[in-house]
Amino acid sequence: MKSKIVVVGSINADLVAVSSKRPGPGETVLGEDFFMVPGGKGANQAVAISRLGAKVDMVGCIGNDANGQFLYDSLKKEGVVLDNIIRIPDVSTGTAVINLAQGENSIVVIPGTNSMLTPKLIKSMENVFMDAAIVLLQLEIPIETVEYVAKLCFERKIPVILNPAPAMKLSKELIDNASYITPNEHEYKIVFDTDEDIEELLKRYPNKLLITQGDKGVVFNDGNNVIRVDSINVKVVDTTGAGDTFNGALAYALANDYELEQAILFANVAAGISVTKLGAQTGMPSLNEVINKL
C-alpha cells in the first residue's frame with residue numbers, strides 16, 4: 001500500500017437535542033437530553049479509515065472557536081493526520097443542529113468554515129496529494145473545490161472516490177474525473193439528472209458507478225453484468241454514519257489492492273458492523289472486527 005489515503009471534506013460539530021415531540025412554529029418544548037458529537041462527512045470518513053489502521057490525511061477547515069478545538073482534538077485522538085487542517089479566524093466551525101424526536105431527526109446544517117475550503121486553499125497544499133494511494137471526496141464543501149481536486153488527481157493518475165452527498169447534479173467533467181462514484185438508490189437520479197433504469201445507467205459507467213441500496217447491498221456493472229454485493233444481516237441500532245463507514249472502508253480496501261467486488265464486500269461488512277452501535281463515529285469498526293466478520 002502507498003503511504004496514505006487523503007480525505008478532503010467537511011468537519012462539523014453535531015449538536016443533538018432529544019425531545020419527545022418536535023416543536024412547531026413558535027412553540028417551545030422541554031428536551032430530554034443534549035449532547036455534542038464530532039461529525040461532518042469528511043471527518044467521519046477519515047475516522048473510518050483510521051480505525052481500519054491506514055494512515056489518513058484530513059484536508060479541511062475549522063474555526064478558532066471551542067467547537068473547532070473539540071473537533072481537532074477528536075480527530076487527533078483517532079490518529080488522523082492533521083497537518084492540512086486550516087484554522088479560519090472570525091468564521092464559526094461547521095455545525096449541524098439536530099432534533100431527535102419520535103424516531104425521526106430534523107437537521108439544520110451551518111457550513112461555517114467548510115465553505116472556506118476553496119480551490120485557492122487546496123492549491124497551497126497540493127503536495128499532500130503527491131503520494132496518496134486514493135483520495136476521497138464528498139459534497140459538503142464548495143463544488144468548485146471538489147471539481148478542482150478531482151481534476152488535479154485525474155491529471156496525476158490518483159484514484160478518486162466521490163461520495164455525492166448531499167446529492168446535486170454533477171458536471172460531466174467531474175463524473176469523468178472521478179474513478180468511483182457512490183450514490184445511494186435515491187441520490188443517483190439527482191446526481192446524473194436521469195430517470196433512467198438503474199441497470200441501464202450502471203451499464204454506462206462500468207466499474208465506476210456503485211449504487212448503495214441499504215440492507216439490499218450494493219450494485220455495479222463489471223463491464224458484462226450487473227453484480228450485486230449483499231449486505232450482512234445484523235440487528236440495526238443506528239444507521240447514522242453507515243454511508244461514511246462504507247466509503248471510508250471502500251477507500252481502505254481499494255488502497256490495499258482489493259479487487260472491486262471484494263472491496264465492496266469489505267466495505268459492506270464495515271458498514272454493517274457500524275449500524276449495530278449508536279452514533280456515527282462511535283460505531284465505526286476496527287480492522288480486526290471487519291476481518292472476523294468476513
Side-chain angles (χ1 to χ4, degrees), residues 1-2 4-7 9 14 37-56 58 74-75 77-80 133-136 138 159 161-163 165 179-187 202 207 209-222 225-294:
M1 176 178 175
K2 287 186 183 179
K4 67 186 178 189
I5 297 168
V6 177
V7 178
D14 290 351
V37 292
K41 296 192 72 63
N44 287 347
Q45 292 173 12
V47 169
I49 294 164
S50 188
R51 290 268 178 92
L52 293 168
K55 181 183 179 186
V56 54
M58 179 75 215
S74 174
L75 286 168
K77 185 179 177 183
E78 291 287 353
V80 176
I134 199 160
V135 172
L136 185 50
Q138 330 75 34
I161 298 173
L162 174 58
N163 173 216
S179 310
Y180 307 96
I181 304 176
T182 61
N184 66 30
E185 58 194 323
H186 310 294
E187 292 164 340
L202 289 170
N207 297 307
L209 178 57
L210 319 176
I211 298 180
T212 62
Q213 298 183 309
D215 61 4
K216 296 192 293 291
V218 176
V219 288
F220 75 103
N221 188 299
D222 68 354
N225 302 296
V226 173
I227 306 294
R228 177 176 297 281
V229 184
D230 290 332
S231 295
I232 59 172
N233 188 22
V234 294
K235 183 181 178 182
V236 177
V237 175
D238 183 5
T239 60
T240 308
D244 293 332
T245 303
F246 173 86
N247 281 279
L250 181 69
Y252 172 89
L254 291 171
N256 277 284
D257 299 322
Y258 283 54
E259 294 294 328
L260 181 57
E261 188 172 347
Q262 289 301 310
I264 294 169
L265 176 61
F266 180 92
N268 276 352
V269 171
I273 294 169
S274 77
V275 303
T276 64
K277 305 171 190 175
L278 277 171
Q281 294 183 14
T282 50
M284 291 171 172
S286 67
L287 182 59
N288 281 341
E289 286 179 284
V290 178
I291 289 172
N292 289 340
K293 202 76 175 177
L294 276 168

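Here, residue 1 is the first one in the sequence, and each next residue gets the next number. Scope of the values below: all heavy atoms of this structure, side chains included, with no hydrogens, waters or symmetry mates.
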A.B. asks: Is there a donor-acceptor contact under 3.5 Å from the side chain of N184 to the main chain of H186?
C.D. replies: yes

A.B. asks: So, taking the atom named CG in N207 and the one named OH in Y180, what distance separates them when rounded to the nearest 0.5 Å?
C.D. replies: 7.5 Å

A.B. asks: For A255 versus I134, what's the shortest heavy-atom pair and its separation?
C.D. replies: CB-CG2, 4.2 Å

A.B. asks: If I compare all heavy atoms of A249 with all of A267, which pair ends up nearest, and what's the gap?
C.D. replies: CB-CA, 3.7 Å

A.B. asks: What are the two closest non-hydrogen atoms of D14 and G40, and how far apart are they?
C.D. replies: OD1-N, 4.5 Å

A.B. asks: Let me confirm one number: the CG-NZ distance from N163 to K41, rounded to the nearest 0.5 Å.
C.D. replies: 5.0 Å

A.B. asks: Which distance, rounded to the nearest 0.5 Å, do you find between the CD1 of I161 and the OG1 of T182?
C.D. replies: 7.0 Å

A.B. asks: Using atom types as modelled and distance alone, determine if a side-chain donor or acceptor of T245 lies under 3.5 Å from a backbone N or O of G241.
C.D. replies: yes

A.B. asks: Looking at CG of L287 and CZ of R51, how far apart are the two atoms once the value is rounded to the nearest 0.5 Å?
C.D. replies: 13.0 Å

A.B. asks: Does anything in residues 259-270 form a salt bridge (charged side-chain N to carboxylate O under 4.0 Å, His left out)? List the pairs, not counting sequence neighbours.
C.D. replies: none

A.B. asks: Hey, are the side chains of V56 and Q45 touching, using non-hydrogen atoms and a 4.5 Å cut-off?
C.D. replies: no

A.B. asks: Anything under 3.5 Å between a donor and an acceptor, one on a side chain of residues 212-219, the other on a protein residue two or more places apart or in another chain? List them.
C.D. replies:
unit_1: Q213; atom_1: OE1; unit_2: R228; atom_2: NH1; d: 2.7
unit_1: Q213; atom_1: OE1; unit_2: R228; atom_2: NH2; d: 3.1

A.B. asks: What distance separates L250 CG from L265 CG, expressed to the nearest 0.5 Å?
C.D. replies: 11.5 Å

A.B. asks: Measure across N247 and L136 and return the closest heavy-atom pair with its distance rounded to 0.1 Å.
C.D. replies: O-CD2, 3.8 Å

A.B. asks: Output the distance between atom CD1 (I49) and atom CE (M284), rounded to the nearest 0.5 Å.
C.D. replies: 9.5 Å

A.B. asks: On a heavy-atom basis, which atom in M58 and which in A46 lie closest, and how many Å separate them?
C.D. replies: SD-CB, 3.8 Å

A.B. asks: Would you call L210 and V229 a side-chain contact if the rule is heavy atoms closer than 4.5 Å?
C.D. replies: no

A.B. asks: How far apart are the C-alpha atoms of F266 and L52, what are their side-chain angles, what is the distance that settles it, and do they pass the side chain to side chain contact (heavy atoms under 4.5 Å, CB included) test?
C.D. replies: CA-CA 11 Å; F266 180 92; L52 293 168; 3.9 Å; yes

A.B. asks: Kindly state each residue pair satisfying side chain to side chain donor-acceptor pair (under 3.5 Å) with at least one member in residues 262-287, sequence neighbours excluded.
C.D. replies: N44-Q281, K277-E289, S286-E289

A.B. asks: Do S74 and V37 come within less than 4.5 Å of each other through their side chains, counting heavy atoms only?
C.D. replies: no

A.B. asks: What is the minimum heavy-atom distance between A271 and A242, and which atoms define it?
C.D. replies: CB-O, 3.6 Å

